[in-house]
Amino acid sequence: MRRLLCLLFFVLALPTHAAGLFDNQPSATLGSVNNSADFLPVGEAFQLSLVDSTPQSIKLRFVATEGYYLYRHRLQFRAEPAEVRLGAAQLPAGEQKHDEYFGDVEVYHGILDVELPRHDPRALTLVVSYQGCADKGLCYPPQTERLNIDGSGSTATAPASTPAWDWRDLALFFLAGLGLTFTPCVLPMLPILSGVVLRGQVGGLRGFNLSLAYVLPMAACFALLGALMGLFGAQLNLQARLQSAWVLVPFALFFAVFALAMFGVFELKLPHFISSRLDRIAGRTEGGSLWGAAVLGVVSSLLVSPCVSAPLAGALLYISASGDALGGGLKLFMLGLGMGAPLLLVATGGAAWLPKSGPWLLYVKNAIGVLLLGLAIGLLSRVLPGQVTLLLIGLLAAGVGLFLGALEFVYKPPRKRLGQLLGLFLLFYALACWFGAFSGQSDPFNPLAPRLVHSTTAAPTSGQWQTVSTAAELDRVLLEAKTAGTPLLLDWYADWCISCKVLEHEVLNDATVVERLQGYRLIRFDITASTAEQRTLLDRYNLFGPPALMFFGKDGGERREVRVIGEINAADFAERVATANDSI
């Protein structure tokens with residue numbers, strides 16, 4: 001029951017975080033205050049590399065780190081010297097993004113491949129300009145990089161992109177493989193499998209070697225499958241294509257189908273003519289030898305059980321979307337090691353440490369099905385309105401709550417009563433999601449958030465905000481405020497920054513915020529031009545770009561503990577101003 005509770009609590013967060021795996025969009029009013037540690041330097045957030053160059057074309061690749069995106073209309077390419085001619089850049093369709101201040105724009109998440117027709121074989125310097133933002137609400141100034149390309153078409157000064165995985169990803173896949181072992185059609189097979197592979201040679205170095213000879217080839221087969229799916233995704237650029245409803249909806253349906261398989265609606269397995277031949281190979285293989293154990297490992301990786309094949313297929317879909325062949329191979333290798341870890345435990349005489357089979361295995365299997373449904377909702381959130389997504393999250397929570405017996409008011413043992421209590425909580429959460437969705441809300445973490453009412457009479461007039469755009473002007477107003485003993489609020493702003501518009505219209509105009517800012521000198525630094533001097537000023541204050549809100553006390557010193565970077569809603573910012581007032 002403890003395992004089930006942990007998985008179910010994770011499910012509540014999955015619909016929002018799973019979308020992040022596929023680059024979900026930011027909320028218009030983030031509920032927390034961000035700081036510099038939440039954001040990457042621009043060179044790490046957006047990585048540009050040269051894929052190939054020939055006398056006929058130049059191929060580039062942008063890799064936007066998860067949680068960041070590039071603007072299509074901000075991509076520009078030109079050659080130096082100017083007489084070297086390049087054709088128009090061939091860009092794929094981007095993800096449609098509507099903003100109430102900037103209208104309809106197209107953005108790219110993940111991997112973006114660009115091809116530039118080349119009409120002149122001479123050496124050139126390719127000047128690439130681009131701009132992007134973070135989903136958390138930070139916009140980077142326009143960037144320019146130069147790639148040196150020689151006349152033969154080789155080249156480049158840009159660093160190669162780094163793989164889109166780290167040790168945390170590998171650890172999660174290992175834990176996922178370990179979790180797949182504890183399903184009703186895998187765990188009971190461990191004693192049988194150990195008997196076939198080990199042939200009674202349990203314990204000692206021999207038993208460990210035999211089990212390792214079984215586990216490593218099995219994990220290697222998974223790794224090969226993951227690498228092929230990653231390579232397949234890279235060639236089709238699925239990460240970039242995974243922004244269209246024509247791709248997202250089928251993927252979500254696949255995850256839903258896999259979830260139904262976990263719920264026992266049907267079995268997902270290889271066709272009979274393939275599985276029968278593999279069964280015959282496994283039957284003829286003699287256990288007890290390293291070679292026999294290795295062959296059994298390879299065959300068993302193909303004869304995955306129905307309990308494993310559905311989550312495995314989902315993992316393959318995810319890896320194919322990442323476009324990372326090496327990362328995909330490593331992730332599925334760790335998945336295989338996780339699935340083989342219990343067998344290693346049995347081989348070394350630790351079978352007593354494994355939990356016994358029982359009804360709890362069905363809970364684990366059903367919980368995996370719920371996770372797959374949550375992932376499907378996460379995908380659909382990219383193309384569905386926030387209110388519809390909230391309805392689906394509520395539907396999933398209600399289904400889990402009813403499964404836990406939320407409305408079964410009969411006598412139950414203590415453990416089932418605890419499950420029923422959790423089910424009632426999920427049912428109430430589902431009702432809150434539905435009410436919030438019909439009230440225009442879209443945040444699953446706060447479905448009953450009250451609407452902010454902005455005052456039109458208390459808003460500051462344009463004369464209250466003084467706009468500066470150079471370092472000298474900023475230093476002058478800071479000195480004036482310090483000399484006068486006046487606290488100062490500095491707003492970093494740019495016309496191309498969507499989040500800056502959100503702060504300007506929805507936060508800084510809020511009646512409570514305006515009231516608490518009485519007595520402040522209000523300065524807006526306009527970094528729209530993004531000159532070298534302005535970017536140097538960003539470095540002085542350890543900023544990556546707008547928006548940012550900085551408080552300066554009467555003594556002229558910044559109160560860094562109340563600095564705000566990225567978006568924030570009006571209620572949270574009003575509390576931040578109150579905290580600043582206490583320290584000033």
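Just so it is clear, the values below take in all heavy atoms, side chains as well, and ignore hydrogens, waters and symmetry mates.
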With a 4.5 Å heavy-atom cut-off, do [X] and [Y] have their side chains touching?
{"X": "T470", "Y": "E533", "answer": "yes"}
{"X": "L112", "Y": "P92", "answer": "yes"}
{"X": "L538", "Y": "W492", "answer": "yes"}
{"X": "M550", "Y": "Y541", "answer": "yes"}
{"X": "Q466", "Y": "V477", "answer": "yes"}

Practice problem: Show the numbers, then the answer: is there a side-chain hydrogen bond (donor to acceptor under 3.5 Å, both in side chains) between Q47 and R61? | Solution: CA-CA 8 Å; Q47 299 159 15; R61 170 166 291 179; over 6 Å; no
Self-check item: Residues forming a salt bridge (charged side-chain N to carboxylate O under 4.0 Å, His left out) with D491, sequence neighbours excluded
Solution: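 By the salt bridge (charged side-chain N to carboxylate O under 4.0 Å, His left out) rule, D491 matches R524.
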Salt bridge between [X] and [Y], side-chain N to carboxylate O under 4.0 Å?
{"X": "K501", "Y": "E506", "result": "no"}
{"X": "E80", "Y": "R146", "result": "yes"}
{"X": "R563", "Y": "E561", "result": "no"}
{"X": "R516", "Y": "D510", "result": "no"}

Self-check item: Working for side-chain hydrogen bond (donor to acceptor under 3.5 Å, both in side chains), residues Y69 and E95
Solution: CA-CA 10 Å; Y69 59 89; E95 174 190 350; over 6 Å; no
Practice problem: Not counting sequence neighbours, which residues clear side chain to side chain donor-acceptor pair (under 3.5 Å) with Q420? List them please. | Solution: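 Residues passing side chain to side chain donor-acceptor pair (under 3.5 Å) with Q420: none at all.
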Self-check item: Test of ring centre spacing under 6.0 Å for Y108 and F62
Solution: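 No; F62 has its ring centre 6.0 Å or more from that of Y108.
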Exercise. Taking W434 for its side chain and L391 for its backbone only, find out whether a donor-acceptor pair lies under 3.5 Å.
Key: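 Yes; at least one donor-acceptor contact below 3.5 Å.
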Quiz prompt | Over 12 non-hydrogen atoms of neighbours within 6.0 angstrom of CD in E515 | solution =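 No, the 6.0 Å shell around CD holds no more than 12 heavy atoms from other groups.
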